[in-house]
Amino acid sequence: MTKQPIALITGAGRRLGLHMTRYLLAEGWQVIALSRSHDGELAELATTNADLSIVTCDALSDASVDQAIAHIQRTASHLDFVLHNASLYEKDAAHTDDACAFYDQLYQIHMKLPARLNEGLRSQLEKRVRTTANIIHITDIYASNPNPEYALYCSTKAGLENLMLSFAKRLAPSIRVNAIQPGPIKFLPEHSDADKKQVLSETLLPVEGGFEALQQAIQSILDNEYMTAAIIRVDGGRSVT
Ligand SMILES: NC(=O)C1=CN([C@@H]2O[C@H](COP(=O)(O)OP(=O)(O)OC[C@H]3O[C@@H](n4cnc5c(N)ncnc54)[C@H](OP(=O)(O)O)[C@@H]3O)[C@@H](O)[C@H]2O)C=CC1
Ligand SMILES: Nc1nc2c(c(=O)[nH]1)N=C([C@H](O)[C@@H](O)CO)CN2
């Protein structure tokens with residue numbers, strides 16, 4: 001009897017992470033949702049989905065990450081997919097008084113957490129039920145062409161992309177590792193109308209892509225057994241303007 005595939009999603013509490021949690025559950029996956037809190041829509045979803053388990057994980061706490069990895073090592077018989085989605089997106093100018101602490105946070109969320117999960121859960125990924133296991137690093141078009149207002153964010157997303165290449169080399173052939181570079185997918189509430197207008201004016205397809213656009217790219221990577229160490233842009237053409 002084939003066992004059910006299991007996915008682990010970081011930052012699953014809202015937006016893309018929550019969207020992908022819902023999508024993979026609907027596709028018949030078990031989902032381990034890493035989140036800083038057990039409340040809101042994710043907790044509500046877990047009350048009606050036996051295939052969804054929530055694991056507390058705050059990238060800013062080594063103890064929290066240690067406990068999350070140990071819990072998954074103890075309880076997950078296998079893993080088929082890890083989606084590194086967790087992220088912090090703030091301007092450097094908002095952190096003139098705490099730039100060092102802010103940089104540390106960006107490193108912990110965008111680089112240290114993914115690297116620790118990839119290494120810490122390697123044996124579960126080797127036991128996958130699918131042909132190959134998959135790890136996808138969600139980076140940003142800004143990893144290749146940074147927005148100087150977000151220099152610290154962009155540099156750690158570039159680091160996340162470089163980590164993808166190393167893990168693709170280290171974990172082949174049983175585990176495939178790829179990156180997706182989103183463009184203007186879904187603005188945050190704090191984006192002003194002027195910000196949104198400016199960004200879309202620089203985008204060949206001048207609309208927000210929506211989480212479904214990323215979902216389709218993720219599914220295409222999962223379905224393609226010949227993809228590893230690839231970087232896929234989903235940006236409405238913004239990166240070429
Ligand atoms: N939205 C867009 O247009 C774009 C998005 N991207 C990338 O796509 C991915 C998804 O984007 P989006 O959904 O907008 O992301 P969000 O900005 O909404 O953040 C994603 C999640 O990161 C988690 N997170 C934040 N801080 C921490 C922390 N200290 N420890 C653990 N988790 C943390 C939160 O999960 P929780 O609350 O569950 O803890 C949050 O829901 C991100 O990696 C983002 O950088 C790239 C370019 C454009
Ligand atoms: N963690 C996040 N990273 C990014 C977001 C976001 O909402 N959360 N949004 C963007 C912008 O939409 C950008 O693509 C357009 O200005 C970038 N990264």
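Both counts, for ligands and for their atoms, begin at 1 and track the order of listing.
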Using the ring of each side chain (for Trp, its six-membered ring), is [X] parallel, tilted or perpendicular to [Y], with breaks at 30° and 60°?
X	Y	answer
Tyr153	Tyr150	perpendicular
His95	Phe102	parallel
His84	His137	perpendicular

Within the 4.0 Å heavy-atom cut-off, what Asp140 brings close to ligand 2 is side chain
Logged contact type for Arg238 with ligand 2, heavy-atom cut-off 4.0 Å, is side chain
For [X], state whether at least one heavy atom is located under 4.0 Å from any atom of ligand 1.
X	result
Tyr153	yes
Leu214	no
Ala12	yes
Ala33	no
Asn85	yes
Lys157	yes

Students should be able to answer this: which protein heavy-atom is nearest to [atom], and at what distance?
atom	value
atom 1 (N) of ligand 2	Ser87 OG, 2.8 Å
atom 2 (C) of ligand 2	Tyr89 CB, 3.3 Å
atom 47 (C) of ligand 1	Asp140 OD2, 3.3 Å
atom 35 (O) of ligand 1	Gly11 CA, 3.2 Å
atom 15 (O) of ligand 1	Arg15 NE, 4.4 Å
atom 48 (C) of ligand 1	Gly183 O, 2.9 Å

Query - Side-chain ion pair, Glu41 and Arg22, N-O less than 4.0 Å - result: yes
Under a 4.0 Å threshold between the charged nitrogen and the carboxylate oxygen, would Lys157 count as salt-bridged to Glu161? no
What about Pro182: any of its N or O atoms under 3.5 Å from an N or O on ligand 1? no
Is it the case that ligand 1 has an N or O less than 3.5 angstrom from some N or O of Ser87?
yes
Please indicate whether [X] has more than 12 foreign heavy atoms, meaning atoms of other residues, nucleotides or ligands, lying under 6.0 Å from its [atom1].
X	atom1	result
Lys169	NZ	no
Asp223	CG	yes
Glu190	CD	yes

Check your understanding: Do Leu34 and Ile9 touch side chain to side chain, with heavy atoms closer than 4.5 Å?
Key -> no
Note to self: With heavy-atom distances below 4.5 Å as the criterion, would you say the side chains of Met227 and Ile232 are in contact?
What the structure shows: yes
Rounded to the nearest 0.5 angstrom, the OH-CD distance for Tyr103 and Gln108 is 13.5 Å
Atom 16 (P) of ligand 1: of Arg14, His38, His137, the nearest heavy atom sits on Arg14
Nearest non-hydrogen contact to atom 37 (O) of ligand 1 from the set Met20, His110, Arg36 belongs to Arg36
Going by the 4.0 angstrom heavy-atom rule, the piece of Ser37 near ligand 1 is neither
With heavy atoms and a 4.0 Å threshold, my read on which part of Leu88 contacts ligand 1 is neither
